[in-house]
Amino acid sequence: MAIGYACIHLGSSKTQLSTLHVKNFTQEKFLLVLDHNLNALEEIFHYNMIHHIQMLRISSDIVPLSTHPINTVPWLDMYKDRLTRIGQLIQEQGMRVSMHPGQYTVLNSIHADVVQKAKKDLLYHAKFLDALGCDCTNKLVLHIGGVYGDKKESMHRFAENFATLDPSIKQRLIIENDDKSYTVEDVLSLSKQVHIPVVFDTLHHTLNPPQNNQLSLFEWIKICQETWKPQDGKQKIHYSQTGTNFKNGAHSSFIQAEQFFQFYQQLIDKDIDIMLEVKDKNLSAIKCNLLIMENPPIKYLEEEWAKYKYFVLGNSAKTYQEIRTLLKDKENPDVLTFYTLLEHAFDTPSSKMSQINTLQHLWGYFKKRATPQEKKRFLSLITGYEEDKKTLASLKNYMYKLSYKYSVSYLLDSLYFYIE
DNA sequence: TGACGTCAAGATCCG
DNA sequence: CGGATCTTGACGTCA
């Protein structure tokens, strides 16, 4: 089983994507942004490699304004070698990637121009995966689209338009149930017509179940598995948990370990790949990966702890001590308890006192080498924070700058600067 | 016509 | 100037 996450990445400044708007478009700027984004993509793959994450959804925005008429840059040719090299990295590591055109790519639209744009967009995605040299187990995920008052007819239109697509799209396309219109039952019925796999989305299914639903989530997953043929690779599903506002179907900020672990245990066939849709992206991917790993080495948890510890200390000194105690048992790492405690720290409202205590901890890295001005600035920021004149964010920002200046890699790798 | 979702860039304002 | 807080973009469907 591989766990993956979608598009963006937390915890490093090197992995942020850039973008470009139409009014600023020039070939020069476009190439700068694309170059930057490919570097970021490589960084993300490198990160995934060392964190044993085997799956990634590549953002559609990797190439800005990829199908906009203004963009006539032959980037695919210009970056052929570069893309091939990145692709080799993916294959060497046995990673699986995917892409997911958004809600504005509508293949079954009643408007011919919208369908044309959708085709163009799908072709861009397929060509990008082709350029990486990724085979057809690396999928393109799409929703069925609009209903236009007649679901059956709209599904038929999807099938007709599907038939006209380029083979590199056809062989990659998979269809997903959505949260409003098309249930998993609808998607399965369309799959029978077009013979492409169904990717089951757990949250969409909960929000938009089939009528007279008699089956469990796990039975539906099993039924969807039958749409996956050997050339498609392992079955993929999307897993997410709902945020605090259940109605709008927003994704939760992080995956709750206990809930995910129960879900995993109930899966009928565990030989599937799971794409997480969650706000904290790679962080939850590492978590879920460790939760399902048999006999994970204590080292993996210790590496996690190194990244989270200052955040935890800032929120709850009690939880900080509890996790330290837990990690003293080197023989039997208790991953589930570790993450449950961590989640508790996220739910604990932090006090100014514990935040200042943590900042003093961090200052320990600098106090011997900082200039008098830096010391003065630090102390005045602390005073400002105490008096509600400065935010914690601005203090964290300053500590990050110092970490960068003095190359304190232990701090630069800390999630303290990225989560709140 | 606005909400929906997404995230970064750009604009603007504050101290 | 740094930092906080909007607004905009790029897209299609649906209420």
Side-chain angles (χ1 to χ4, degrees), chain A residues 5-10 13-26 29-30 32-34 36-37 40 44 57-71 99-122 124-125 141-151 154 157-158 161 176 178-182 201 203-204 207-208 238 240 242-243 245 247-253 277-281 373-374 377-378 380-381 384-385 387-402 417-418 420:
Chain A
Y5 61 98
C7 304
I8 60 162
H9 181 98
L10 300 174
S13 53
K14 288 187 247 170
T15 55
Q16 306 301 114
L17 296 188
S18 294
T19 190
L20 187 57
H21 294 167
V22 174
K23 64 177 176 184
N24 298 324
F25 189 92
T26 62
K29 282 184 188 167
F30 169 78
L32 277 176
V33 173
L34 180 56
H36 169 94
N37 286 353
I44 292 174
R57 178 188 302 165
I58 298 173
S59 169
S60 298
D61 296 330
I62 190 88
V63 182
L65 300 167
S66 55
T67 58
H68 196 282
I70 200 172
N71 186 356
M99 294 181 90
H100 189 353
Q103 59 184 308
Y104 299 110
T105 304
V106 184
L107 187 60
N108 77 340
S109 176
I110 48 173
H111 306 286
D113 58 325
V114 174
V115 175
Q116 278 314 311
K117 278 187 209 162
K119 285 184 176 182
K120 197 177 169 190
D121 190 48
L122 287 169
Y124 146 67
H125 285 89
V141 185
L142 195 65
H143 292 286
I144 297 178
V147 175
Y148 312 95
D150 187 340
K151 204 181 249 188
S154 295
R157 215 167 33 249
F158 184 102
N161 292 336
E176 179 190 352
D178 65 71
D179 59 343
K180 287 193 186 73
S181 310
Y182 292 95
D201 185 297
L203 184 59
H204 292 164
L207 295 167
N208 181 26
H238 292 174
S240 52
T242 180
N245 187 356
K247 255 193 296 181
N248 67 11
H251 295 141
S252 61
S253 52
E277 294 182 325
V278 58
K279 287 183 184 150
D280 75 351
K281 308 288 180 181
Q373 287 88 343
E374 284 164 348
R377 173 96 173 123
F378 174 72
S380 98
L381 277 169
Y385 178 56
E387 294 168 358
D388 271 334
K389 286 176 188 156
K390 291 286 169 191
T391 60
L392 182 59
S394 60
L395 265 150
K396 285 190 177 188
N397 209 337
Y398 187 63
M399 300 314 274
Y400 183 82
K401 277 184 189 164
L402 288 178
F417 300 114
Y418 296 93
E420 54 189 46

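All values derive from a computational prediction rather than experimental measurement. Protein chains get the first letters and strands the later ones, always in sequence-line order, with residue 1 at the start of each.
- Mapped onto DNA chain C by nearest heavy atom, S394(A) and G146(A) fall at different nucleotides, with S394(A) at the one closer to the 5' end.
- In this entry the distance linking CG of N24(A) with P of dA8(B) reads 17 Å, nearest Å.
- Heavy-atom nearest nucleotides on DNA chain B were determined for K29(A) and for A6(A), and the one closer to the 5' end corresponds to A6(A).
- As rounded to whole Å, 9 Å separates atom P of dG12(C) from atom NE2 of H111(A).
- As a whole-Å value, the separation of E277(A) CD from dG5(B) C1' is 12 Å.
- Of all nucleotides listed (dA10(C), dG12(C), dG3(C)), dG12(C) comes nearest to the side chain of V106(A).
- If you take CZ on R157(A) and CD1 on I110(A), they are separated by 6.5 Å, rounding to the nearest 0.5 Å.
- Q16(A) has a side-chain polar atom (N or O) that falls below the 4.0 Å cut-off from OP1 or OP2 of dA8(B).
- Of all heavy-atom pairs between A40(A) and Q16(A), the closest is CB-O, 3.9 Å.
- For the pair L122(A) CG and dG12(C) P, the interatomic distance rounds to 13 Å; values are reported in whole Å.
- Among the protein residues, S181(A) comes within range of no part of the nucleic acid, since none of its heavy atoms lies under 4.0 Å from any strand.
- Ring geometry, H238(A) versus H100(A): the interplanar angle falls from 30° to 60°, so the pair is classed tilted.
- Here CG of N161(A) is found 5.0 Å from CG of L107(A). Values are rounded to the nearest 0.5 Å.
- Classified by interplanar angle (parallel below 30°, tilted 30° to 60°, perpendicular above 60°), the ring pair Y400(A)/Y418(A) is perpendicular.
- Nearer the 5' end of DNA chain C, as judged by each residue's closest nucleotide, is the contact made by K23(A), out of S109(A) and K23(A).
- Within 4.0 Å of L65(A), counting heavy atoms only, lie sugar-phosphate atoms of the nucleic acid but no base atom.
- Within the structure, every side-chain polar atom (N or O) of K180(A) is placed at least 4.0 Å from both OP1 and OP2 of dC14(C).
- A straight line from CZ of F417(A) to P of dG3(C) spans 13 Å, rounded to a whole angstrom.
- The side chain of T19(A) has dA9(B) as its nearest neighbour among dG5(B), dA9(B), dC14(C).
- Looking at heavy-atom distances under 4.0 Å, D61(A) makes no contact with the nucleic acid at all.
- Looking at E374(A) and K401(A), no side-chain N of the basic residue comes within less than 4.0 Å of a carboxylate O on the acidic one, giving no salt bridge.
- For dG5(B), the base has a donor-acceptor partner in the side chain of Y104(A) [N/O atoms by modelled type, under 3.5 angstrom].
- With rounding to whole Å, H36(A) atom NE2 is found 10 Å from dA8(B) atom P.
- If you measure from atom NE2 of H125(A) to atom P of dC11(C), you get 14 Å, rounded to the nearest angstrom.
- Here the side chain of R377(A) is nearest to one of dG3(C), dT13(C), dG12(C), namely dG3(C).
- Between K401(A) and the phosphate of dG3(C), there is a side-chain N or O to OP1/OP2 separation shorter than 4.0 Å.
- If you check dA10(C), dG3(C), dG12(C) against the side chain of Q103(A), the one that comes closest is dG12(C).
- Computed from coordinates, the D388(A) CG to dC14(B) P distance equals 20 Å when rounded to whole Å.
- Residue T105(A) is classed as having no contact, given no heavy-atom separation below 4.0 Å to the nucleic acid.
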